[in-house]
Amino acid sequence: MKQILDFEKPVVELREKIAELKRLTKESDMDLNDEIATLETRLEKLEEDVYDRLRPWDRVQMARHPERPTTLDYIDCLFTDFLEMHGDRLYGDDEAIVSGIGKYKGEPVTIIGHQRGKDTKENIRRNFGMPHPEGYRKALRLMKQADKFNRPIICFIDTKGAYPGKAAEERGQSEAIARNLVEMAGLSVPIICIVIGEGGSGGALALGVGDHIHMLENSTYSVISPEGAAALLWKDSNQAQSAAETMKITSYDLKQLHVIDQVIPEIRGGAHRDVKQQADHIDHVLESSMAELQALSKEDRLEKRWEKYKQIGDYTQLDL
């Protein structure tokens, strides 16, 4: 059964009413075409009112939608000859991160992304998209291989955060994340990062140091979840909606703050409405981004990457 978010219930109810009238028209001699046309006009206006004016908390819900396309969905649509590679050569394989090599418009690339499940069984297998340290070490292994063979790196970000369990900490979770940040900053090949769902905390940042960072329109990217922020600020996780408004975690907020480079538009109603059409929107931005970065020399790319991260946020330099 498809999950319906609270703010879109009026839209779904009107769609169902139109579908019912169309069924009656088909199964009987009743002519309901005028009524259907009137309702379709009303539906178009209602969709515009609902989906074109989403609040931050609405976008948080959209980013968490259980049917939202995952890394593997976009890999199927955007790349050919994908060969998944497993393991970190230190401990094991982490299915919360998918990584491998494939071709983008005939050119070899390395693809890495968080992977959550579509149902309970798969979510358990993939740890709900929350990687262990071996997942980040697997990602880093593939990144270094890409750097060696001069392959561009494309990262898809979609995680609530790195797994905070005892075993993950014992195996060096924080070190694995920090190592990825350092290593990604110095890779000489183009790195393009795309937030496709939730981008949460260091778990997202570990795949998020790139030359270009793009976000799907209804994705989020933040240091902490709205519930976590509300619990810290107001000692009440039920204030998550207010926290989402305050935190500036939506794509448009982050574009304005120069944290990301481009907002990738979503089809009306969310990316889960049509995966292939949404992949086309990503393809347009990815192709442009790839061409821009490959036109630069390695030295210029690293310099621009350094300048990009220096300009994020405000700071004051003291003359001592």
key: Presence of salt bridge, Glu227 and Arg64, under 4.0 angstrom   = yes
query = Which one of Ile260, Thr250, Asp261 satisfies the side-chain contact (heavy atoms from CB on, under 4.5 Å) criterion with Lys255?
reply = Ile260
message = Within this structure, what is the CG-CG distance for the pair Leu140 and Leu207, rounded to the nearest 0.5 Å?
response = 10.0 Å
ask   = Quick one: which of Arg125, His86, Gln115 gives a side-chain hydrogen bond (donor to acceptor under 3.5 Å, both in side chains) with Glu95?
value = Arg125
message = In this structure, would Met62 and Phe128 fall into the same cluster of hydrophobic residues linked by side-chain contacts under 4.5 Å?
response = no
query = Are the side chains of Phe156 and Leu78 in touch, meaning some heavy atoms are under 4.5 Å apart?
reply = yes
ask   = Does the side chain of Asp283 reach to within under 4.5 Å of the side chain of Tyr104, using non-hydrogen atoms?
value = yes
key: Nearest-0.5 Å distance that lies between atom CD1 in Ile194 and atom CG in Leu286   = 5.0 Å
inquiry  = Quick check on Glu84: does its CD atom have over 12 non-hydrogen neighbours (other residues, nucleotides or ligands) under 6.0 Å away?
reply    = yes
query = Do any N or O atoms from the side chain of Asp211 and from the backbone of Arg305 form a donor-acceptor pair under 3.5 angstrom?
reply = no
task = Could you tell me whether the side chain of Ile101 reaches within less than 4.5 Å of the side chain of Pro108, counting heavy atoms only?
result = no
note = Looking only at heavy atoms, the pair that brings Ile157 and Ala204 closest together is CG2-CB, 3.6 Å
query = Does Leu205 share a hydrophobic cluster with Ile177, counting links as ILVMFWY side-chain heavy atoms below 4.5 Å and allowing steps through other members?
reply = yes
request  = Test Ile154 against Tyr74 for side-chain contact (heavy atoms from CB on, under 4.5 Å), laying out the working first.
outcome  = CA-CA 12 Å; Ile154 300 165; Tyr74 290 125; over 6 Å; no
ask   = Can Asp58 and Arg55 be counted as an ion pair, charged N to O under 4.0 angstrom?
value = yes
key: Gln294 CD to Glu107 CD distance, which is reported to the nearest 0.5 Å   = 4.0 Å
ask   = Is there side-chain contact between Ser251 and Ser219, with heavy atoms separated by less than 4.5 Å?
value = no
query = Any salt bridge between Arg59 and Glu266, counting N to O under 4.0 Å?
reply = no
Stepwise salt bridge (Lys or Arg N to Asp or Glu O under 4.0 Å) check, Glu48 with Lys45 = CA-CA 5 Å; Glu48 182 180 327; Lys45 178 65 167 62; 5.9 Å; no
ask   = Below 4.0 angstrom, N of the basic side chain to O of the carboxylate: do Lys310 and Glu307 qualify?
value = yes
task = Check step by step if side-chain contact (heavy atoms from CB on, under 4.5 Å) holds for Val189 and Ile153.
result = CA-CA 7 Å; Val189 295; Ile153 298 169; 3.8 Å; yes
task = Check the pair His214, Ile282 against side-chain contact (heavy atoms from CB on, under 4.5 Å), reporting the backbone distance first and the verdict last.
result = CA-CA 9 Å; His214 308 307; Ile282 295 175; over 6 Å; no
task = Identify the two heavy atoms, one from Ile196 and one from Thr71, that lie closest to each other, and give their separation to 0.1 Å.
result = CD1-N, 3.7 Å
ask   = Taking the six-membered ring for Trp, are His272 and His65 parallel (under 30°), tilted (30 to 60°) or perpendicular (over 60°)?
value = parallel
task = Identify the heavy atoms of Glu35 and Leu21 that sit nearest to each other, and give their distance.
result = CB-CD1, 4.5 Å
Lys/Arg cation over aromatic Tyr91: Arg137, 6.0 Å, 45° cone = no
message = Show, in sequence, the C-alpha distance, side-chain angles and deciding distance for Lys105 and Glu287, and conclude whether the side-chain contact (heavy atoms from CB on, under 4.5 Å) test is met.
response = CA-CA 9 Å; Lys105 300 189 183 301; Glu287 184 177 18; 3.5 Å; yes
inquiry  = I need the minimum non-hydrogen distance between Gln3 and Pro66, along with the two atoms involved.
reply    = OE1-CG, 3.2 Å
message = Over 60° means perpendicular and under 30° means parallel, so tell me whether Tyr163 and His132 are parallel, tilted or perpendicular.
response = tilted
note = Asp158 and Pro69 have their tightest heavy-atom pair at OD2-O, 4.5 Å
ask   = In terms of hydrophobic clusters joined by side-chain contacts under 4.5 Å, are Val98 and Val195 together?
value = no
query = Arg89 versus Arg141: any side-chain heavy-atom pair under 4.5 Å?
reply = yes
inquiry  = Is the shortest side-chain heavy-atom distance between His212 and Lys308 below 4.5 Å?
reply    = no
ask   = When you look at CH2 of Trp234, are more than 12 heavy atoms from neighbouring residues, nucleotides or ligands closer to it than 6.0 Å?
value = yes
request  = Group every Ile, Leu, Val, Met, Phe, Trp and Tyr by side-chain heavy-atom contacts under 4.5 Å, then state whether Ile97 and Leu72 land in the same group.
outcome  = no
ask   = Is it true that a side-chain atom of Thr41 and a backbone atom of Ala37 form a donor plus acceptor pair closer than 3.5 Å?
value = yes
Minimum heavy-atom distance between Ala63 and Gly197, given as atom pair plus value = CB-O, 3.8 Å
query = When you check the side-chain N and O atoms of Gln173 and Tyr136, is any donor under 3.5 Å from an acceptor?
reply = no
Distance (rounded to the nearest 0.5 Å) between Arg116 CZ and Thr159 OG1 = 10.0 Å
ask   = Do Arg273 and Gln278 have a side chain donor and acceptor closer than 3.5 Å?
value = no
query = Going through the distances and angles, do Glu122 and Arg126 end up as a salt bridge (Lys or Arg N to Asp or Glu O under 4.0 Å)?
reply = CA-CA 6 Å; Glu122 189 183 4; Arg126 297 192 181 276; 3.2 Å; yes
query = Is any side-chain heavy atom of Pro226 less than 4.5 Å from a side-chain heavy atom of Val60?
reply = yes
query = Would you call Lys138 and Asp93 a side-chain contact if the rule is heavy atoms closer than 4.5 Å?
reply = yes
request  = Using a strict 4.0 Å threshold on nitrogen-to-oxygen distance, state whether Glu44 and Arg268 make a salt bridge.
outcome  = no
query = Can you tell me how far CG of Asn33 sits from NZ of Lys22, rounded to the nearest 0.5 angstrom?
reply = 9.5 Å
task = Answer with yes or no whether the hydrophobic clustering places Ile224 together with Ile249; edges join I, L, V, M, F, W, Y residues whose side-chain heavy atoms lie under 4.5 Å apart.
result = yes
note = Checking Arg68, Lys276, Lys118 against Asp73 for salt bridge (Lys or Arg N to Asp or Glu O under 4.0 Å), the one that qualifies is Lys118
message = To the closest 0.5 Å, what do you measure between OG (Ser188) and CD (Glu299)?
response = 9.0 Å
inquiry  = Quick test of your reading of the model: are Asp300 and Lys304 salt-bridged, counting only N-O distances below 4.0 Å?
reply    = no
